[in-house]
Amino acid sequence: MISLNACIGSIAAICTTVAFVPQVIKSWRTRDLSGISLPMYTIFTLGVILWLVYGLLISDWPVIVANAITA
């Protein structure tokens with residue numbers, strides 16, 4: 001049986017992994033990138049990489065998989 005912690009972690013991982021998909025689709029369709037902040041995405045990417053490293057250190061698969069996909 002899946003634990004509540006794993007279930008919450010998995011749902012959180014899915015949400016954060018797909019959170020930027022609507023922005024990517026909109027940018028792709030309109031070819032307008034003027035609303036995208038490069039510093040924000042840089043900091044976000046650094047955070048995702050650090051979460052990935054953290055997930056590897058604690059062997060937490062939802063954290064590892066979600067952040068590997070997001071990165």
Side-chain angles (χ1 to χ4, degrees):
M1 183 173 208
I2 298 175
S3 73
L4 180 60
N5 292 350
C7 186
I8 291 172
S10 296
I11 293 169
I14 291 167
C15 288
T16 56
T17 300
V18 301
F20 288 98
V21 170
Q23 178 68 52
V24 170
I25 292 170
K26 181 180 177 184
S27 297
W28 186 270
R29 287 184 179 160
T30 63
R31 303 283 192 227
D32 180 16
L33 302 178
S34 63
I36 295 178
S37 168
L38 184 58
M40 188 281 292
Y41 273 99
T42 302
I43 294 167
F44 176 78
T45 301
L46 175 62
V48 167
I49 291 168
L50 291 172
W51 273 115
L52 175 59
V53 170
Y54 175 73
L56 291 167
L57 291 172
I58 65 170
S59 300
D60 189 324
W61 286 105
V63 174
I64 294 167
V65 171
N67 288 290
I69 291 169
T70 304

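The shortest distance between side-chain heavy atoms of T70 and F44 falls below 4.5 Å. Proximity of T42 to L46: side-chain heavy atoms (C-beta onward) are nowhere separated by under 4.5 Å.
For Y54, the OH atom counts as loosely surrounded, since its 6.0 Å shell holds 12 or fewer non-hydrogen atoms of other residues, nucleotides or ligands.
Closest approach of S27 and I36 over heavy atoms only: OG-CD1, 3.4 Å. Taking each heavy atom of T17 and I69 in turn, the nearest pair found is CG2-CG2, 3.6 Å. Nearest heavy atom pair, residue P62 against residue S10, reads CG-OG, 3.9 Å.
Linking ILVMFWY residues whenever their side-chain heavy atoms come closer than 4.5 Å, directly or via other members, places V48 and F20 in the same cluster. Hydrophobic cluster membership is shared by V65 and L56, with clusters built from Ile, Leu, Val, Met, Phe, Trp and Tyr side chains linked at under 4.5 angstrom. Residues M40 and V24 do not share a hydrophobic cluster, defined by chaining ILVMFWY side chains whose heavy atoms lie under 4.5 Å apart.
Once rounded to the nearest 0.5 Å, the distance linking CG of L57 with CG of L52 reads 9.5 Å. For the atom pair CG of N67 and CG of L50, the computed distance is 9.5 Å after rounding to the nearest 0.5 Å.
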> Are S3 and N5 close enough, and set up right, to give a side-chain hydrogen bond (donor to acceptor under 3.5 Å, both in side chains), and what steps lead you there?
Replying inline: CA-CA 5 Å; S3 73; N5 292 350; 5.2 Å; no

>> Under the criterion side-chain contact (heavy atoms from CB on, under 4.5 Å), I'd like the reasoning laid out for I25 against V21: C-alpha separation, chi angles, the key distance, then a yes or no.
In response: CA-CA 6 Å; I25 292 170; V21 170; 3.6 Å; yes

